[in-house]
Amino acid sequence: GQPRDVVLYPFHNMHDKRYTIFWDIFTQQQWNEKKKEYERIRQEKLELEARTVDFVQPGEQQSEADHNLQFESSDADRRRQGPASRSAFDGGWFSYDLKVVPDEPLILRITYMGGRSQTIFDIMVDSQKIAEQKLEKLEQDQKRGLFDVDYKLPEELIEGKNKVTVKFAAREDQRTGSIFGVRILKENKQQPI
């Protein structure tokens, strides 16, 4: 074990505890490659945090309360593993208040999950529709797991403001996609989104 050795105990001595352990085993070359991948992921996370103005975790009570959750015909999905999410159904909606930086180019990043059913819904900022999002089964089958979609926030919607209301609205007899993350980002000037 790196960076220090691991002490192992016989499994039968742990009869009063429930657990499972999985080990990834690497050759030295595989480990060196994996370390590079871990470092790349860590750097991407640091860069994302540096660009983030505000973030809400849908389906998490404190995060939603901190962002003034409002809703009608909406529910949260709290998974045992992985992040929680929120969706609306049958013409329902939900919204959050998010901080913005006035007079600076911003991106609204929404995190979805692939492999879900086909749907179409509207995304609004301060009651103005900025996107009609269509999630198709074919597209989602190619993107299993979580994936992000970025929407450039129109300058006139954030001009002189410190916060905006982001709303997800379902169509009649439809659901919104499950929303796993809502993030306001400063535009990345080195790498266009």
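Keep in mind that what you see is a predicted model, and the values were worked out from it rather than measured.
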Report yes or no: does [X] contribute a side-chain atom to a donor-acceptor pair with the main-chain N or O of [Y] at less than 3.5 Å?
{"X": "Arg175", "Y": "Phe89", "value": "no"}
{"X": "Ser74", "Y": "Ser87", "value": "yes"}
{"X": "Glu64", "Y": "Gly59", "value": "yes"}
{"X": "Thr176", "Y": "Ala88", "value": "yes"}
{"X": "Gln57", "Y": "Ala84", "value": "yes"}

Hey, does [Y] have a side-chain heavy atom less than 4.5 Å from the side chain of [X]?
{"X": "Lys186", "Y": "Pro105", "result": "no"}
{"X": "Asp122", "Y": "Arg171", "result": "yes"}
{"X": "Arg40", "Y": "Lys45", "result": "no"}
{"X": "Trp93", "Y": "Met124", "result": "no"}
{"X": "Val125", "Y": "Pro154", "result": "no"}
{"X": "Asn162", "Y": "Val100", "result": "no"}
{"X": "Thr111", "Y": "Phe147", "result": "no"}
{"X": "Ile110", "Y": "Val182", "result": "yes"}

Any luck finding a side-chain donor-acceptor pair between Asp90 and Ser73 under 3.5 Å?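 No - no donor-acceptor pair under 3.5 Å links their side chains.
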Check: Gln174/Thr119 side-chain N/O donor and acceptor closer than 3.5 Å: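 Gln174 vs Thr119: donor-acceptor pair found between side chains.
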Steps toward side chain to side chain contact (heavy atoms under 4.5 Å, CB included) verdict (Arg109, Leu48): CA-CA 11 Å; Arg109 176 171 288 174; Leu48 179 65; 3.5 Å; yes
Taking atom [atom1] of [X] as the centre, report whether more than 12 heavy atoms of other residues, nucleotides or ligands fall under 6.0 Å from it.
{"X": "Glu155", "atom1": "CD", "value": "no"}
{"X": "Lys99", "atom1": "NZ", "value": "no"}
{"X": "Glu39", "atom1": "CD", "value": "yes"}

Could you measure the distance from the [atom1] atom of [X] to the [atom2] atom of [Y]? Nearest 0.5 Å is fine.
{"X": "Lys152", "Y": "Asp150", "atom1": "NZ", "atom2": "CG", "result": "11.0 Å"}
{"X": "Glu47", "Y": "Glu49", "atom1": "CD", "atom2": "CD", "result": "11.0 Å"}
{"X": "Glu72", "Y": "Ser95", "atom1": "CD", "atom2": "OG", "result": "11.0 Å"}
{"X": "Thr52", "Y": "Arg183", "atom1": "OG1", "atom2": "CZ", "result": "4.0 Å"}
{"X": "Gln133", "Y": "Ile179", "atom1": "CD", "atom2": "CD1", "result": "8.0 Å"}
{"X": "Leu98", "Y": "Asp66", "atom1": "CG", "atom2": "CG", "result": "11.0 Å"}

Checking side chain to side chain contact (heavy atoms under 4.5 Å, CB included) for the pair Val149/Tyr112: CA distance, chi angles, key distance, verdict? CA-CA 8 Å; Val149 177; Tyr112 302 102; 3.7 Å; yes
Starting from [Y], can I reach [X] by hopping between I/L/V/M/F/W/Y residues whose side chains sit under 4.5 Å apart?
{"X": "Ile130", "Y": "Ile120", "result": "no"}
{"X": "Ile158", "Y": "Val166", "result": "yes"}
{"X": "Phe55", "Y": "Ile184", "result": "no"}

Between Gln30 and Asn32, is the side-chain hydrogen bond (donor to acceptor under 3.5 Å, both in side chains) condition met? List the steps. CA-CA 5 Å; Gln30 289 170 328; Asn32 291 338; over 6 Å; no
Parallel, tilted or perpendicular, as decided by the 30° and 60° cut-offs, for the rings of Trp31 and Phe26: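 Phe26 and Trp31: tilted rings.
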Return the set of residues passing ring-ring contact (aromatic ring centres under 6.0 Å, His included) with Phe94 (not counting sequence neighbours), or none when no residue passes.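 Expected list: Tyr96, Phe168.
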Could you tell me whether Arg86 sits above the aromatic face of Phe71, with NZ or CZ closer than 6.0 angstrom to the six-membered ring centre and within 45 degrees of the axis?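 Judged by the rule (NZ or CZ under 6.0 Å from the ring centre, within 45° of its axis), Arg86 counts as positioned above Phe71.
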Smallest separation among heavy atoms of Lys161 and Leu157, with atom names: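 Looking at all heavy atoms of both residues, the closest pair is NZ-O, 3.0 Å.
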If you take all heavy atoms of Lys163 and Asp126, which pair is closest and at what distance?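 Looking at all heavy atoms of both residues, the closest pair is O-OD2, 4.4 Å.
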Any salt bridge between Lys34 and Asp24, counting N to O under 4.0 Å?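 So Lys34 does not pair with Asp24 through a salt bridge.
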